Amino acid sequence: MKERNPQTFHVKSFGCQMNVYDGARMAELLEAEGMTAATDGTEADLVVLNTCHIRERAAEKVYSDIGRLRREDGSSPMIAVAGCVAQAEGAEIPRRAPAVDIVVGPQAYHRLPQLVAEAKAGRRALDTDMPLESKFGALPARRRQGPTAFLTVQEGCDKFCTYCVVPYTRGAEVSRGWDAILDEAQALVDRGAKEITLLGQNVNGWADEQGRGLHDLIAALDRLPGLARIRYTTSHPNDISEGLIRAHAEVGRLMPFLHLPVQSGSDRVLKAMNRSHTTSSYLAIIDRVRAARPDIALSGDFIVGFPGETEAEFEETLKIVEAVNYAQAYSFKYSPRPGTPAASMDGQVPTQVMDERLQRLQALINAQQLAFNRASVGRRTSVLLERQGKKPGQLAGKSPWLQSVHLETDAAIGDLVDVEIVAAGPNSLSGAHLMRNAA
Ligand code: SAM
Ligand code: SF4
C-alpha cells in the first residue's frame, strides 16, 4: 500500500439521522486534525463511507460505491468504511475490496485520526471495538453551524426485534450524561442552532441515574435562551411515559410531532417480531397523545412481508393506518438481516407479494399525507428557514408539523418567520411570508 498524506476529506452518510449526526462529528474530528472538507467530494484525499446495514443489499451497495471511487488515472483516495456495515462485516471488507484502507465501527470513530495515521504509514487499520468508555468524551467540541442540528442522546438497543440488526451493530442501550448533552446543546445554539432534534434508537428510553427521563431533558432545553424548537426521534411505544405525553401539552418549544413506529397492525406478527406491544396498547398511546396535544402530527414505520405475514394480517396493517390517520409514515419491505432470528424463520414472503403490499400501503399513507397537508391551507404558522427553495428567490424550511414549506422571502436562512400556507402538495407546502418575525 503506498504512502499517502490526506489533506482534504469527504464524509458520505447513508441511512438514519444518527448516521448524519455521526458523519458531522467525524467531519469535525478531521477538521480538528487540520484537514479540510473537500469542495468536490470526488476530489477528496480521504473518503469516509458512513454506511447503513438496516435493509436491502446495503453491504453490496458499499462495495459498488468503493469501486466507483477509483479515478480515471487508476488511483483511489484513502477510503474509510464506517457505520453499521463496517461493524457487521469487519475484516471481510478489505478482503473483498482491497482499496479500503480503514474500517471503523459506529462506537469507535473517535479513533479515526489514529486510524488515518496508520493508513498513512501504509498499514490497513481496523477498529470495530465497542469500548466501555463512550466515544463522546473523546470527540472535539461541536463546530458545525446551521439553524437545525441533531444531537444524539441515546444509542444502541436492547429490544432485539427479531428482524433488526441494530442491537448487533450499535450495541447495548446507553444514555449519554445530562451535563454532556446540555453542554453540546449550548454549543450548537451558540453556533446558530434554533432547532435541536434529540436522537436515539429508542430516544424516549433516555434515562439517567437520578431517575430523570427524556421529558426532563426537554424541559431543560426549553430553558436554553436562543433555542426555538425541540424535536426527538425515534421513540418506542413501550417507553412512552406520562411525563413525555404531558410535555407535548406543556412545553411550548416542543414541536407537535411524534414518530412512533408500530411496524404491523397484526398482534400475531407483532409478537413474532418481539415488539412487546400490541395494536391496542399502541392505539391507546395515540389517544393519550392526541388528548394532550390535539394538533399533533403522527408518523410511523411499517414493515410489510415479515415472515409468515398473511394477506389478512397485512390488511390489519392497513386498518391500523386508517385508525391512526398519519401525517406521514415510512414503510419498508421486510429484508432478512444476516444473523437475526427472523432471517431463518419459515414462511419468507415472496418479493412480488411484498411489492404489491408495499404499493397498497404506500398509496394509503400518501393519501393521508396529502389530506394532512391540504388541511394546512389557510393556516398561519411559523417556518424555520433552513435552505434554498425550489425556485429562484425562494427559501424553504419546516412547519412545526415537519412539513416542508417553500416561500418567496427576503428573510435569511436561520430566520423563523410567520407564514400563511397557500397551497399544498403531497410532499411540500407553499407559503406566503407574513411580514412579522415569529421569533
Ligand atoms: N428503534 C426504532 C424502532 O424501534 O422503531 C427504529 C430503528 S430502525 C433504524 C428504523 C426502521 O427500519 C424500523 O422502525 C423498521 O421499520 C425498519 N427496519 C428495521 N429492520 C428492518 C428489516 N430487517 N427489514 C425492513 N425494515 C426494517
Ligand atoms: Fe431495531 Fe427494534 Fe431496537 Fe428499533 S427497537 S432499533 S426496530 S431492535
Side-chain angles (χ1 to χ4, degrees), residues 13-22 50-59 83-85 87-88 106 150 152-175 197-206 214 232-240 258-266 269-277 281-282 285-286 298-309 314 317 320-321 324 326 328-345 348-349 351 353-355 357-358 361-362 365:
S13 289
F14 303 83
C16 66
Q17 287 138 320
M18 194 170 282
N19 258 13
V20 175
Y21 173 87
D22 289 342
N50 188 20
T51 59
C52 171
H53 200 38
I54 200 82
R55 277 177 295 276
E56 288 151 21
R57 293 154 59 82
C84 290
V85 175
Q87 190 67 39
F150 291 133
T152 293
V153 300
Q154 181 278 333
E155 260 208 86
C157 184
D158 298 337
K159 301 241 180 329
F160 289 94
C161 299
T162 52
Y163 51 81
C164 184
V165 82
V166 166
Y168 311 96
T169 57
R170 289 265 169 185
E173 220 163 297
V174 177
S175 292
T197 303
L198 303 176
L199 294 183
Q201 305 296 344
N202 291 302
V203 71
N204 57 332
W206 184 89
L214 185 68
Y232 62 95
T233 198
T234 293
S235 297
H236 192 286
N238 282 11
D239 292 329
I240 293 273
L258 175 63
H259 180 66
L260 193 63
V262 61
Q263 314 296 356
S264 167
S266 151
V269 172
L270 287 177
K271 195 151 188 257
M273 287 176 164
N274 192 31
R275 282 295 289 181
S276 61
H277 60 78
S281 66
Y282 179 86
I285 295 167
I286 299 294
L298 293 164
S299 166
D301 287 349
F302 294 90
I303 296 177
V304 302
F306 183 81
E309 184 191 68
F314 167 68
T317 296
I320 200 167
V321 173
V324 173
Y326 289 94
Q328 57 154 82
Y330 301 93
S331 47
F332 314 104
K333 281 188 281 188
Y334 166 71
S335 164
R337 300 288 75 211
T340 58
S344 52
M345 282 180 186
Q348 300 286 325
V349 176
T351 308
V353 176
M354 287 204 270
D355 284 337
R357 288 182 188 168
L358 189 67
L361 176 59
Q362 290 187 338
I365 291 169

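Atoms within each ligand, like the ligands themselves, are counted from 1 in listed order. Model, not experiment: these values are computed from the prediction. Quick note: numbers below take in every heavy atom, side chains included, and nothing from hydrogens, waters or symmetry partners. The first residue of the sequence shown is numbered 1, and numbering continues consecutively from there.
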So is Arg275 in contact with ligand 2, going by heavy-atom distances below 4.0 Å?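 The answer is yes: ligand 2 sits under 4.0 Å from a heavy atom of Arg275.
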Residue-atom pairs from the protein, N, O or S only, that lie under 2.8 Å from atom 1 (Fe) of ligand 2: Cys164 SG
N or O contacts of ligand 1 with protein under 3.5 Å, please list pair by pair.
unit_1	atom_1	unit_2	atom_2	d
ligand 1	1 (N)	Gln201	O	2.6
ligand 1	4 (O)	Arg275	NH1	3.1
ligand 1	5 (O)	Gln263	NE2	3.4
ligand 1	12 (O)	Arg55	NH1	2.9
ligand 1	14 (O)	Gln263	NE2	2.8
ligand 1	14 (O)	Asp301	OD2	2.6
ligand 1	16 (O)	Gln263	OE1	2.7
ligand 1	23 (N)	Tyr163	O	3.0
ligand 1	23 (N)	Ser335	O	2.8
ligand 1	24 (N)	Ser335	N	3.0

Structural part of Thr234 in contact with ligand 2, heavy atom criterion under 4.0 angstrom: neither
Between CG on residue Leu214 and CG on residue Asn204, distance to nearest 0.5 Å: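 If we round to the nearest 0.5 Å, Leu214:CG and Asn204:CG are 6.5 Å apart.
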So how far is it from Arg275 CZ to Cys161 SG, rounded to the nearest 0.5 Å? 4.5 Å
What do you reckon, are the aromatic ring centroids of Phe332 and Phe306 less than 6.0 Å apart? no
At less than 4.0 angstrom from any non-hydrogen atom of His236, what atoms of ligand 2 do you find?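 Listed by number with element: 5 (S).
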Indicate the atoms forming the closest heavy-atom contact of Val166 with Cys157, along with that distance. CG1-CB, 4.0 Å
For Gln348 and Ala342, which heavy atoms make the closest approach, and how far apart are they? NE2-O, 3.0 Å
Quick one: are Leu199 and Thr233 in side-chain contact, heavy atoms under 4.5 Å? yes
Yes or no on side chain to side chain contact (heavy atoms under 4.5 Å, CB included) for Ile303 and Tyr334, after CA distance, side-chain angles and deciding distance? CA-CA 6 Å; Ile303 296 177; Tyr334 166 71; 3.6 Å; yes
For Tyr330, look at atom OH and say whether over 12 heavy atoms of other residues, nucleotides or ligands are found less than 6.0 Å away. no
Please step through side chain to side chain contact (heavy atoms under 4.5 Å, CB included) for the pair Leu270 and His277, ending with a clear verdict. CA-CA 7 Å; Leu270 287 177; His277 60 78; 3.9 Å; yes
Qualifying residues under side chain to side chain donor-acceptor pair (under 3.5 Å), relative to Asn202, sequence neighbours excluded: none
Could you tell me which residues satisfy side chain to side chain donor-acceptor pair (under 3.5 Å) with Gln87, sequence neighbours excluded, listed by chain and number? none
